[in-house]
Amino acid sequence: MDAVLESLGLDQACLMEKLEEGIQLMAMNCYQTSQHLHDCTIGMPPHSDYGCLTILFQSCEGLEIIDRSNGNWKAVPDTPESLHVHIGDHLEVLSNGRYKSVVHRVVYNSRCRRISIASIQGLSMDQKVITAEELVDEKHPTAYKDTSFREFLQYLLSTTDYANGVSYIDSLRIFNP
Ligand SMILES: O=C(O)CCC(=O)C(=O)O
Ligand SMILES: [Fe+2]
C-alpha cells in the first residue's frame, strides 16, 4: 500500500491509520468440479472488489482478469505458493482513476476442485473514501463520488445487477463534460 501511495505522490499517513482501524474481509470459495461443468462455466461473475487491495490465494487455475486494452479475458496462471494482489474500487476513487480496480471473474476448472481465499482490506463501515485533492485539477476533475462500506452494502441489497456482472465503481462515476 505504501508503494501505491508513493507512486501517486501522496503522503497519506492518515489513510494508513484508517486502514489499520478498518475492515478485513476474508472470503473462502470452493468451486467443485464435475463432469457436467466445463472450463468456461462461470463460477463467480465479473466484478471488482470493494476495498483498497485484495490479496488472493488460488489452489489451481480459474481466476481471469479483463484486459482493458481489448476487453478479452486472461487467465491468471497458477503459480505455486504465490499470492495475487488486486487493486480494488477504493484505490480507483482515491487515485481519481489513475489506478483502475481489477475486473475479474472465476471459471470452473474441470481438472480440480478449486479453493480460493481472498482477503479484502478496506476502511471501516462509515469511513468515507474520498478522491485525494492532490490528484484533482482543471484537467482532472473529481471523477468519483465518495463512498463507504455501508453504502456499498446498501447498493448490494438494492440491486440484482451485481450478480450479473455490474461493477459498483460504475455507480460512483461522475460524468464531467
Ligand atoms: O475465487 C477467486 O479466485 C476469486 C474470488 C473473488 O473474486 C472474491 O471473493 O471476491
Ligand atoms: Fe473478487
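As the structure lists them, so they are numbered: ligands from 1, and atoms in each ligand from 1. Quick note: numbers below take in every heavy atom, side chains included, and nothing from hydrogens, waters or symmetry partners. Given the structure is predicted, the values throughout are model-derived calculations rather than measurements.
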A side-chain contact here means heavy atoms from C-beta on lying under 4.5 Å apart; do [X] and [Y] qualify?
X	Y	answer
Asn96	Tyr144	yes
Val106	Tyr31	yes
Met1	Leu19	yes
Leu63	Arg114	yes

Within a distance under 4.0 Å of any heavy atom of [X], pick out the atoms of ligand 1 and give their elements.
X	result
Asn29	1 (O), 5 (C), 9 (O)
His104	7 (O)
Ser116	1 (O), 2 (C), 3 (O)
Ala27	9 (O)
Leu63	3 (O)
Val106	1 (O), 2 (C), 3 (O), 4 (C)

Gln58, any N or O under 3.5 Å of ligand 1 N or O: no
Whether His84 and His86 hold their rings parallel, tilted or perpendicular, with breakpoints at 30° and 60°: tilted
Thr131 and Asp146: CA distance, side-chain angles, deciding distance, side chain to side chain contact (heavy atoms under 4.5 Å, CB included) verdict: CA-CA 7 Å; Thr131 299; Asp146 55 30; over 6 Å; no
Residue and atom name of the nearest protein heavy atom (relative to atom 3 (O) of ligand 1), distance in Å to one decimal: Arg114 NH2, 2.7 Å
Nearest non-hydrogen protein atom, atom 6 (C) of ligand 1: Met44 SD, 3.4 Å
Flag, side chain of Gln32 to backbone of Cys112, donor-acceptor distance under 3.5 Å: no
Side-chain donor or acceptor of Tyr50 paired with backbone N/O of Ser148 under 3.5 Å: yes
Atom nearest to the Fe ion (ligand 2) - Asp49, N, O or S atoms considered: OD1
His104: its N/O/S atom lying closest to the Fe ion (ligand 2) (atom name): NE2
4.0 Å heavy-atom contact, His47 with ligand 1: yes
N/O/S atom of His86 inside 2.8 Å of the Fe ion (ligand 2), strictly under: no
Basic-acidic side-chain contact under 4.0 Å: Lys128, Glu151: yes
Residue part near ligand 1, for Leu56, under 4.0 Å between non-hydrogen atoms: side chain
